[in-house]
Amino acid sequence: MSNLSARTGRDHQRYDNNFRLVSGCIPYRLVKDEEEDSTSVDFETKLQVLMISSPNRHDLVFPKGGWEDDETVLEAASREAMEEAGVKGILREDPLGVWEFRSKSSSLEADCCLGGGCKGYMFALEVKEELAIWPEQDNRERRWLNVKEALELCRYEWMQSALEEFLRVMAEEGSTKEDSLALSSISNRGERQIDPRYCFVV
């Protein structure tokens with residue numbers, strides 16, 4: 001059992017015009033062969049994202065949860081990654097975007113915000129540590145997937161949109177033009193400029 005604990009309850013939950021505010025992230029890693037040139041990475045096969053199962057369901061989702069009033073949105077995203085997926089790393093400061101969606105997790109959540117509406121801030125997290133023990137390990141399983149698998153298995157449209165935006169950001173920062181073109185072919189969303197700043201929030 002984990003000696004860490006996950007936050008519960010809604011006493012400190014943030015809201016914005018009846019929307020419950022949510023923060024989450026897309027954990028990722030680059031897998032390279034030892035003999036591979038470090039300046040060239042086949043993003044389509046070597047970029048992996050971490051997804052987790054939903055409690056009592058077979059859905060695969062990215063870590064996310066309520067943004068509380070005693071933490072920043074970055075701290076909330078990092079906390080959810082640790083609590084739900086048991087990972088820590090480098091969190092990109094700039095959000096991939098903000099998505100509005102309707103929560104389907106419980107009638108209680110629907111009662112807490114207008115029609116179950118939520119507003120989710122999603123970030124990219126480069127995973128540097130996978131914990132052997134984490135707060136929600138009894139209810140969730142971790143699964144590393146390549147980008148094509150993740151797009152196919154991600155159930156929720158807004159999370160697919162966040163993943164596509166993440167792929168755009170990674171493509172823009174690809175080390176070669178070929179990498180960028182290969183990754184762009186996976187996603188057909190429009191271009192978006194992202195300021196590549198980083199911070200440690202672990």
Side-chain angles (χ1 to χ4, degrees), residues 1-8 22-34 41-68 71 73-93 95-97 99 101 103-106 109 118 120-167 169-170 183 186-187 198-202:
M1 295 294 293
S2 171
N3 59 357
L4 302 171
S5 60
R7 290 193 179 192
T8 59
V22 169
S23 184
C25 66
I26 297 178
Y28 73 94
R29 67 184 181 187
L30 289 174
V31 180
K32 299 180 182 180
D33 296 329
E34 291 184 359
V41 178
D42 180 359
F43 279 117
E44 185 172 344
T45 58
K46 300 302 176 65
L47 177 65
Q48 296 183 339
V49 296
L50 181 66
M51 303 191 76
I52 55 176
S53 60
S54 300
N56 304 317
R57 298 200 302 271
H58 297 293
D59 304 357
L60 286 180
V61 297
F62 295 111
K64 57 94 179 154
W67 173 15
E68 301 192 347
E71 61 187 352
V73 67
L74 293 169
E75 290 170 339
S78 184
R79 173 177 57 77
E80 291 294 340
M82 186 279 293
E83 290 179 355
E84 295 189 348
V87 293
K88 297 181 179 182
I90 302 174
L91 191 71
R92 184 186 297 267
E93 283 188 345
L96 298 168
W99 285 266
F101 60 96
S103 173
K104 299 178 181 178
S105 62
S106 69
E109 188 161 59
C118 297
Y121 295 75
M122 292 295 287
F123 299 85
L125 175 76
E126 183 180 3
V127 173
K128 295 298 185 181
E129 180 182 3
E130 289 187 59
L131 303 177
I133 299 174
W134 71 98
E136 298 189 19
Q137 68 181 98
D138 290 339
N139 297 320
R140 298 182 185 276
E141 294 183 359
R142 298 184 292 206
R143 185 172 175 185
W144 284 103
L145 303 165
N146 64 42
V147 291
K148 282 189 174 181
E149 291 171 332
L151 283 169
E152 291 173 356
L153 295 175
C154 187
R155 174 179 176 180
Y156 299 107
E157 183 177 349
W158 75 272
M159 281 194 176
Q160 291 175 343
S161 177
L163 178 57
E164 288 171 346
E165 189 59 38
F166 165 75
L167 296 178
V169 173
M170 296 301 292
L183 193 54
I186 302 173
S187 171
Y198 294 88
C199 70
F200 281 93
V201 185
V202 296

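Residue Ala85 comes nearest to Arg142 through the heavy atom pair O-CD, 2.7 Å, listed as atom of the first residue, atom of the second, then distance. Between Glu84 and Lys64, the closest heavy-atom pair is OE2-O, 2.9 Å. Residue Phe62 comes nearest to Met51 through the heavy atom pair CE2-CG, 3.6 Å, listed as atom of the first residue, atom of the second, then distance. Here the shortest heavy-atom pairing between Ala77 and Leu91 reads CB-CD2, 4.2 Å. Heavy-atom minimum distance, Ser53 versus Arg140: O-NH1, 3.0 Å. Between Ala162 and Leu96, the shortest heavy-atom distance links the atoms O-CD1, 4.0 Å.
Between Arg79 and Glu83 there is a salt bridge, since a side-chain N of the basic residue sits under 4.0 Å from a carboxylate O of the acidic one.
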List the steps and the verdict of side chain to side chain contact (heavy atoms under 4.5 Å, CB included) for Leu151 and Glu164.
CA-CA 8 Å; Leu151 283 169; Glu164 288 171 346; 3.9 Å; yes
Working for side chain to side chain contact (heavy atoms under 4.5 Å, CB included), residues Arg92 and Val169:
CA-CA 11 Å; Arg92 184 186 297 267; Val169 173; 3.9 Å; yes
Please evaluate residues Leu47 and Leu167 with respect to the criterion side chain to side chain contact (heavy atoms under 4.5 Å, CB included), reporting the C-alpha separation (whole Å), side-chain torsions for both, the decisive distance (0.1 Å), and the verdict.
CA-CA 9 Å; Leu47 177 65; Leu167 296 178; 4.0 Å; yes
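Residues Leu153 and Arg143 meet the side-chain proximity criterion, which asks for heavy atoms closer than 4.5 Å.
Ring pair Tyr28/Phe166: centre-to-centre distance below 6.0 Å.
Atoms CE and CG, on Met159 and Leu60 in that order, are 10.5 Å from each other to the nearest 0.5 Å. Atom OG in Ser54 sits 11.0 Å away from atom CG in Asn139 (nearest 0.5 Å). To the nearest 0.5 angstrom, Glu93 atom CD is 6.0 Å from Leu74 atom CG.
With Pro63 as reference, Ile52 is the one residue of Ile52, Ile26, Leu50 to meet the side-chain contact (heavy atoms from CB on, under 4.5 Å) rule. With respect to Arg29, the side-chain contact (heavy atoms from CB on, under 4.5 Å) criterion is satisfied by exactly one of Glu126, Lys46, Gln48: Gln48.
Trp158 and Trp99 have tilted rings, their planes meeting at an angle from 30° to 60° on a 0 to 90° scale.
Residue Glu157 qualifies as open at atom CD: its count of foreign heavy atoms under 6.0 Å is 12 or below.
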